[in-house]
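Working notes, beginning with the structure itself.
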There are 2 protein chains.
Amino acid sequence: MVEAGSGRFERIQVAPAYQLVAEAIEREVVSGRLLPGEPVGTEAELVRQFGVNRSTVREGIRALEEGGFIQRGPDRRLYACLPRYNRLSSRMSRALILHEVTFRELFSVALALEVASAEQAVEHITDEMLDRLEENQRESEDAAAAGDAARLSEADGAFHHLVAKASGNRVLLLSREPASLLFFPTTEMICRRVPEGPGRMITAHRHVIDALRARDLEQARLWMSRHLYDWRRGFERAGRDLDEPVERIYARSLPPGLSD
Amino acid sequence: MVEAGSGRFERIQVAPAYQLVAEAIEREVVSGRLLPGEPVGTEAELVRQFGVNRSTVREGIRALEEGGFIQRGPDRRLYACLPRYNRLSSRMSRALILHEVTFRELFSVALALEVASAEQAVEHITDEMLDRLEENQRESEDAAAAGDAARLSEADGAFHHLVAKASGNRVLLLSREPASLLFFPTTEMICRRVPEGPGRMITAHRHVIDALRARDLEQARLWMSRHLYDWRRGFERAGRDLDEPVERIYARSLPPGLSD
DNA sequence: TGGATTGACTTTGTCCGACAAAGTCACCTA
DNA sequence: TAGGTGACTTTGTCGGACAAAGTCAATCCA
């Protein structure tokens with residue numbers, strides 16, 4: 001075993017060539033010299049530029065692809081791209097599951113971020129977003145009338161996403177996603193097991209939308225947090241323990257409608 | 001050009017073999033069948049198990065490595081591991097920079113999450129964490145006395161990290177990191193340019209620590225938010241515009257002391 | 001003439017084999 | 001017994017190879 005730091009010289013760190021390739025490309029993207037959507041070049045070109053073997057280039061590419069900084073187009077060519085929110089979010093969600101976080105931990109964060117979303121949406125909401133919220137509300141009512149718990153919980157997820165989007169704060173939109181991805185699936189169970197659940201949900205949504213339309217900060221804050229506490233209560237009434245780790249569900253796919 | 005969906009049959013989607021390899025391994029880790037720390041096996045073993053070429057296995061491995069689900073040990077062998085918080089956080093931070101988010105967006109989220117951290121820390125803080133906060137406070141005072149803006153801002157970053165850790169909420173710890181990584185570097189500039197900055201910071205930290213020790217929710221909330229608003233004000237007084245995109249800084253490395 | 005077909009060319013996905021560097025481990029000797 | 005030695009293992013890199021699939025332009029037939 002060679003002991004690091006035992007001698008006069010520092011250990012020479014040779015990073016593998018594929019890492020250097022990956023870092024070089026990533027630096028181009030992050031620095032803005034390579035803009036999202038622009039082609040990165042073919043593998044052969046990269047081989048020429050870096051002076052390494054194609055296998056090595058491909059290893060570097062693979063790492064970057066996973067990181068989301070480059071993507072294969074439909075023609076399989078390489079393009080620079082912005083890391084997608086949902087990609088990062090779902091990765092974080094899986095990390096959270098692995099760390100066996102509890103519903104209570106998720107709830108606290110969701111509460112803070114959803115209320116912040118509502119607050120900021122009061123200031124920034126547009127007529128178009130209000131229309132989309134109304135449309136979402138109709139969908140929720142339909143689903144509730146039909147007793148379709150799956151559709152209703154999906155609509156609820158979309159509702160919160162829309163409010164966050166209406167806040168105009170992209171950091172918020174990103175930050176709330178990982179927790180919400182783990183959080184909202186439980187809604188379905190609650191809707192099915194707690195009779196008054198759907199009704200209270202729709203009422204709360206209604207009040208939030210009205211508050212946003214009226215630019216009423218207090219009401220928006222109030223009803224959003226009521227909505228969330230309802231939810232936690234529903235979770236408990238469905239017989240679950242707040243301090244139990246979120247289950248290991250392999251949720252790779254995202255709910256539809258969260259593509260941006 | 002073959003038109004997708006033009007015929008009677010759906011287009012057959014063949015995922016590349018390296019993706020299948022990556023997904024298979026990732027599933028093992030996420031499902032818990034392969035526990036963090038356990039060796040994944042050598043490349044040769046994986047070649048046997050999957051029945052593909054070593055190059056293909058390596059491409060799959062590369063992708064997973066970037067995702068953080070497996071890691072090379074010091075002996076270069078493969079081990080399953082939990083995706084590290086900081087890895088994901090720094091990736092998110094870079095994504096935020098690429099999306100050219102503004103200081104204002106970052107600030108709103110940081111405010112919500114830091115205050116939530118303080119609130120929850122009131123309930124969960126331990127004597128050990130209080131000691132570490134006191135130690136941090138001494139470090140801050142030293143740095144301020146020495147007029148060392150870099151050390152002071154680093155201590156401030158560590159302070160907020162400690163408070164989040166004291167909250168006992170891992171989701172919170174994770175959620176606040178991406179924004180804070182982009183946020184706290186500006187502290188140094190503020191400390192240098194705004195004369196009363198360091199003094200106000202230390203006063204605020206003092207009050208937060210005292211409030212946590214006394215389990216005083218109101219005071220903790222109050223001083224943490226004061227601290228943040230001070231900060232935003234410092235940013236403005238340093239002549240920066242809140243709505244200007246955060247610069248493109250290639251910040252791969254994390255500040256020290258955030259390793260967990 | 002115009003649209004479909006064909007075929008050359010490019011690019012990616014996969015595979016094979018090879019070798020050097022570096023780590024591991026058992027063995028052997030002073 | 002401590003430490004050096006050498007065989008073995010494993011990874012990092014390279015070269016070449018071929019099939020599948022996309023691109024593009026020339027060609028052919030109605």
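Each chain gets a letter, A, B and so on, in the order its sequence line appears, and its residues count up from 1.
- Taking the nucleotide of DNA chain D with the nearest heavy atom to each of A:Arg54 and B:Arg58, the more 5' of the two is matched to B:Arg58.
- The side chain of B:Glu59 sits closest to C:dT14 out of C:dT12, D:dT11, C:dT14.
- Residue A:Asn53 places its side chain closer to D:dC14 than to any other of D:dG12, C:dT12, D:dC14.
- Proximity of a side-chain donor or acceptor of A:Asp243 to a complementary backbone N or O of A:Thr102 within less than 3.5 Å is not detected.
- In this structure, B:Glu65 places its CD atom 8 Å from P of D:dG12, rounding to the nearest Å.
- Rounded to whole Å, the distance from CG on A:Leu78 to C1' on C:dG13 is 13 Å.
- Distance CG (B:Leu46) to P (D:dT9): 17 Å, rounded to an integer number of Å.
- Candidate nucleotides D:dT13, C:dT11, C:dT14 were compared by shortest atom distance to the side chain of A:Thr42, and C:dT11 ranks first.
- Panel note: side chain A:Ser180, backbone A:Glu177; a donor-acceptor pair is recorded below 3.5 Å.
- The nearest whole Å value for the distance from the OH atom in A:Tyr79 to the P atom in C:dT12 is 10 Å.
- Across the interface with DNA chain D, nearest-nucleotide mapping of A:Ser55 and A:Arg77 shows A:Ser55 to be the residue nearer the 5′ end.
- The phosphate of D:dC14 (OP1 or OP2) has a side-chain N or O of A:Thr56 nearer than 4.0 angstrom.
- Rounded to whole Å, atom P of C:dT14 lies 14 Å from atom CD1 of A:Ile61.
- In summary, of the residues considered (B:Leu181, B:Leu113, B:Asn169), a side chain to side chain contact (heavy atoms under 4.5 Å, CB included) with B:Arg176 occurs for B:Leu113 alone.
- Among the atoms of the strands shown, only primed sugar atoms or phosphate atoms (P, OP1, OP2) are found under 4.0 Å from some heavy atom of A:Arg72.
- C:dT12 atom P lies 15 Å from atom CD of B:Gln19, rounded to whole Å.
- Seen from the ring of A:Tyr18, B:Arg62 counts as a face-on cation partner, given the 6.0 Å and 45° thresholds.
- Distance CD (B:Glu43) to C1' (C:dA22): 14 Å, rounded to an integer number of Å.
- Between the side chain of B:Glu105 and the backbone N or O of A:Arg170, at least one donor-acceptor pair lies under 3.5 Å.
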